[in-house]
Amino acid sequence: MKPRAGWVAMLAAGACALALPGAAAQSPAASAADARTLTPRRFIQLVVDRNAEIAYARLQARIADRGLAAEASLYQPTAFGSVRHESRRRQRTAEEQLSSLAARTSVLDEMVNTAEAGLRMRASTGAEISTSLQRSLRRNNLIEALYNDGSDREATAQLVVTVRQPLLKGRGTDAVEADLRVAELEREVGYWTFRQQLLKMGSEALSAYWQLQRAYRSHPLRQRLLDNAREALADARERAAAGRVAVTVEDEARALLSMRESELLRSSQAIVEAEARIRTLLDLPPEDGAWALPALAPVPGDEAAAAGAWERRLDQWPPFQIASLRVRQNQHRLDFARNQAQPQLDLQANWGSHGLGRNPHSAMNPVPHNRYPDWYLGLYYEQPLGGTTRPEAQYQGQQLKLEQAELEARNARIGFANDWRSRADALQLARRDVEQLRADLDSRARLLRADESGLRDQLVPRARVLRREAETLESELRLVEGEARLWTALTLFQQSEGLLLTAYGVDVTWQ
C-alpha cells in the first residue's frame, strides 16, 4: 500500500523547511522515493515544525521576550510638552484696584499663551529627574495702563530642574529594576519551557513512532503464524484421518488457528491505533497511512551510567532550570517587597532660573546666566500607622512564596536524579533483554533448520517442523517487541540527557 499523495507533499515541504542534510545531492527519483520513507529523524523534525503544542510554547516564549523589551525601556527618557491658551474678562475687586497703579480700571481683560517643553528620566538610585523650559506671553489692559507706551505685552521664561530622590522606600536597584530583572528571568523561563515542550513532544512522538514500527513489523509475522496454524490444522486432519493421532489433536490445532486469527486482528487494530497517533501528531487527514518505514538501525553503544553523572546533566533538564529561575524571580520580588515595607522618606530639590521682559526674547536673556535663581531643598516623610501594614503583609507573603520555589527546585533536583537513574537502568536492562531475545531467536532458528533438514530426510515429522517454525516466529515477535522497548528506553534516556533533539537534527537556538 503506497503512501497518500498528501503525506508525500507534506514530507517534501517539511524537509525543505527544515533543510534536511543531503536533500540537494539526491536525484529526483531518489528524492521521490526518500520522500515516501518516514525516518525517525524526518518524523521528529516534522513534529517540531507542525505540532500545535510546540507552536503554543514558541508563542509563549515570544510573549516573554516582548515583556522583557517592554521592561527594558525603564531608563528611557521621556519628553513632555504642553501648550495652553487662556482668556479671561472679569471684574476686579476693590482690593485689587487699591493695590495697583491702575486703580481706575475695574475690569481685567487678559489673554495668556503658555508653552512648556522638558525631559523626564529615572536613575538607577530611584531618583526621578525632570528638566523643563517654560515660556509665557501675557496680554492685558493693566500692562497697557502701567507702561503707557501702547504695548500690552509681558513675557516670562524659566528653566526648572526638579529632583526627587528616595532615601528609604523606592531607593536602589532592588526597587527600581525589580520588574526588569523578573522579566529577564521570565524570558529564560520561556526558553526553557519551549525546550521542555520540545523534549516532551519529541519523546512522545518517537515513542509513537517505535510503536508504529513494532506494529508494522509484527503484522507480517502474525500472518505467517496464521499460515503456520492453517498448515498445522491440515496436517492434524491428515494424521487423524489416517488414525495415527487422536481426534483431539485436530481440535487443538483448530483452537490454535482461532487464537492466531484473533492475534492477527489485534495486530491490525494496533496498526490502526499507531497510525492514528502519528496522524494526530502531524495533523494529517484520516485517509493517510500505510507509510514506508526504514529498517531499524543498530542501537547506539552502551551508555555507562556512572555514579554522579546525573549532576552533569542537570543543567540541561528544563524542569530544574525553570524551578531555579523561579527561585531567582521570587528572590527579586522579596527584595522589592522588603524595600517597599520601609517608610517613605524622599529628598526633594528644585532649582529654577527666571527671566521677565516685554517680549519672549528679552525674557529669555537672563535665564542662561542664572541672574534670578529660585531653589528649595526639603524632605518628605510618610509612614502608615496601626498594626501590620499592607507592605509588611506582602513581604511576609513573598517570603513564603520564596520558600515554595526553593522547595520546588529541591524536588526537581531529586526527581531528576531518580528519573535519570531509573531511565539509565531501564536502558541497560532493555539492551540485555534484546541480546537475550536475539540469542534465543538464533537458537530456535538453528533448531528449525535442523528439523527442516530432518524432514527432507524423512527423519522428522512435519508437525514437529511446523511447531519449530511457530516457536521461531514467536521468538522473532518477542525480539520485535523487545527492540521497540529498547528504542523507547533509549528515547527516554536521551530526553533526560538533554541530547534527544540533537540526536535527531533539531537545533534549538535562542536570539
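All residue numbers refer to positions in the sequence shown, counting from 1.
Of all the heavy atoms in L281 and A205, the pair that sits closest is CD1-CA, 3.7 Å. Closest approach of E250 and A240 over heavy atoms only: OE1-CB, 4.2 Å. Taking each heavy atom of L448 and V465 in turn, the nearest pair found is CD1-O, 3.8 Å. F493 and A424 get closest at one heavy-atom pair: CE1-CB, 3.5 Å. The nearest pair of heavy atoms linking F43 to L206 is CE2-N, 4.3 Å. Nearest heavy-atom pair across P166 and G126 is CD-O, 3.2 Å.
Checked against side-chain hydrogen bond (donor to acceptor under 3.5 Å, both in side chains), R279 has no partners two or more places apart in sequence or in another chain. Every residue meeting the side-chain contact (heavy atoms from CB on, under 4.5 Å) condition with P461, not counting sequence neighbours, appears here in chain and number order: R464. For R338, the salt bridge (charged side-chain N to carboxylate O under 4.0 Å, His left out) partners two or more places apart in sequence, or in a different chain, are D335. Judged as a salt bridge (charged side-chain N to carboxylate O under 4.0 Å, His left out), and not counting sequence neighbours, the contacts of E53 are K200. For E474, the salt bridge (charged side-chain N to carboxylate O under 4.0 Å, His left out) criterion is met by R260, not counting sequence neighbours. Residues that satisfy the side-chain hydrogen bond (donor to acceptor under 3.5 Å, both in side chains) test with S475, not counting sequence neighbours, are D440. A search for ring-ring contact (aromatic ring centres under 6.0 Å, His included) contacts involving W192 returns nothing, not counting sequence neighbours. Under the rule for a salt bridge (charged side-chain N to carboxylate O under 4.0 Å, His left out), the partners of D433 that lie at least two apart in sequence or sit in another chain are R485. Scanning for ring-ring contact (aromatic ring centres under 6.0 Å, His included) contacts around F320 gives an empty result, with sequence neighbours left out.
Between the CG atom in L199 and the CG atom in L492 there is a gap of 11.5 Å [rounded to 0.5 Å]. Distance check: R41 CZ to L46 CG gives 12.0 Å after rounding to the nearest 0.5 Å. Annotation: the span from E204 atom CD to N51 atom CG amounts to 8.5 Å, rounded to 0.5 Å. Atom OG1 in T491 sits 9.5 Å away from atom CG in L427 (nearest 0.5 Å). Within the model, atoms CZ of R187 and CG of D65 stand 4.5 Å from one another, a figure rounded to the nearest 0.5 Å. Rounding to the nearest 0.5 angstrom, the gap separating the CZ atom in R468 from the CZ atom in R444 is 8.0 Å.
In the displayed structure, R171 atom CZ is contacted under 6.0 Å by at most 12 heavy atoms of other residues, nucleotides or ligands.
Two residues are said to be in side-chain contact when any heavy atoms from C-beta on lie closer than 4.5 Å; L293 and T37 fail this criterion. No side-chain heavy atom of Y504 sits less than 4.5 Å from a side-chain heavy atom of R42. Considering only heavy atoms from C-beta on, Q197 comes within 4.5 Å of M201 through its side chain. In this structure, the side chains of I44 and Y209 stay at 4.5 Å or more apart for every pair of heavy atoms. Under the 4.5 Å side-chain criterion, counting only non-hydrogen atoms from C-beta, I414 is in contact with N418. Within the 4.5 Å cutoff, no side-chain heavy atoms of P318 are placed close to those of Q321. Contact annotation: the side chain of Q331 never approaches that of V327 to less than 4.5 Å [non-hydrogen atoms, C-beta and beyond]. Contact annotation: the side chain of Q316 never approaches that of E497 to less than 4.5 Å [non-hydrogen atoms, C-beta and beyond].
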**OP:** With side chain to side chain contact (heavy atoms under 4.5 Å, CB included) as the test, would you mind laying out the steps for S124 and V176 before giving the verdict?
**Re:** CA-CA 6 Å; S124 60; V176 177; 5.7 Å; no

**OP:** Check the pair R438 / D442 against salt bridge (charged side-chain N to carboxylate O under 4.0 Å, His left out), numbers first and verdict last.
**Re:** CA-CA 6 Å; R438 189 172 287 116; D442 292 340; over 6 Å; no

Subject >> Verdict with supporting geometry, R432 and Q436, side chain to side chain contact (heavy atoms under 4.5 Å, CB included) >> reply: CA-CA 6 Å; R432 289 200 293 268; Q436 293 293 335; 5.5 Å; no

**OP:** Under the salt bridge (charged side-chain N to carboxylate O under 4.0 Å, His left out) rule, what do R239 and D235 come out as? Steps first, then yes or no, please.
**Re:** CA-CA 6 Å; R239 289 186 295 156; D235 180 73; 3.0 Å; yes

**OP:** Show the numbers, then the answer: is there a side chain to side chain contact (heavy atoms under 4.5 Å, CB included) between Q60 and T193?
**Re:** CA-CA 9 Å; Q60 194 67 30; T193 302; 5.8 Å; no

Subject >> side chain to side chain contact (heavy atoms under 4.5 Å, CB included) between I54 and F194, worked out >> reply: CA-CA 7 Å; I54 293 177; F194 176 54; 3.8 Å; yes

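Panel note: side chain Q329, backbone V182; a donor-acceptor pair is recorded below 3.5 Å. Listed for the S207 side chain is a donor-acceptor partner under 3.5 Å among the backbone atoms of S203. D174 places no side-chain N or O within 3.5 Å of a backbone atom of F336 that could act as its donor or acceptor partner. Checking side-chain atoms of R50 against main-chain N and O of L282 turns up no donor-acceptor pair under 3.5 Å.
The list of side-chain hydrogen bond (donor to acceptor under 3.5 Å, both in side chains) pairs with a residue in residues 399-413, not counting sequence neighbours, reads Y395-Q399.
Between E273 and Q269, the side chains place a donor N or O and an acceptor N or O closer than 3.5 Å (distance only, hydrogens not considered).
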Which pairs of donor and acceptor atoms, one on a side chain in residues 216-234, lie under 3.5 Å apart (sequence neighbours left out)?
{"residue": "Y216", "atom": "OH", "partner": "E275", "partner atom": "OE2", "Å": "2.4"}
{"residue": "Y216", "atom": "OH", "partner": "A290", "partner atom": "N", "Å": "3.4"}
{"residue": "Y216", "atom": "OH", "partner": "W291", "partner atom": "N", "Å": "3.2"}
{"residue": "R217", "atom": "NH1", "partner": "E483", "partner atom": "OE1", "Å": "2.7"}
{"residue": "R217", "atom": "NH2", "partner": "E483", "partner atom": "OE1", "Å": "3.0"}
{"residue": "S218", "atom": "OG", "partner": "R214", "partner atom": "O", "Å": "2.7"}
{"residue": "H219", "atom": "ND1", "partner": "S267", "partner atom": "OG", "Å": "3.1"}
{"residue": "R222", "atom": "NH1", "partner": "E263", "partner atom": "OE1", "Å": "3.2"}
{"residue": "Q223", "atom": "NE2", "partner": "D227", "partner atom": "OD1", "Å": "3.4"}
{"residue": "N228", "atom": "ND2", "partner": "L466", "partner atom": "O", "Å": "3.0"}
{"residue": "N228", "atom": "ND2", "partner": "E469", "partner atom": "OE1", "Å": "3.1"}
{"residue": "E231", "atom": "OE1", "partner": "R462", "partner atom": "NH2", "Å": "2.9"}

Result block: side-chain N/O donor-acceptor pairs under 3.5 angstrom for residues 66-76, not counting sequence neighbours:
{"residue": "S73", "atom": "OG", "partner": "A70", "partner atom": "O", "Å": "2.7"}
{"residue": "Y75", "atom": "OH", "partner": "E177", "partner atom": "OE2", "Å": "2.7"}

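Figure legend: R313 and F416 shown without cation-pi pairing, the cationic atom not lying both under 6.0 angstrom from the six-membered ring centre and within 45 degrees of its axis.
Applying the salt bridge (Lys or Arg N to Asp or Glu O under 4.0 Å) test between E186 and each of R328, R181, R333, R326 identifies R326 as the sole match.
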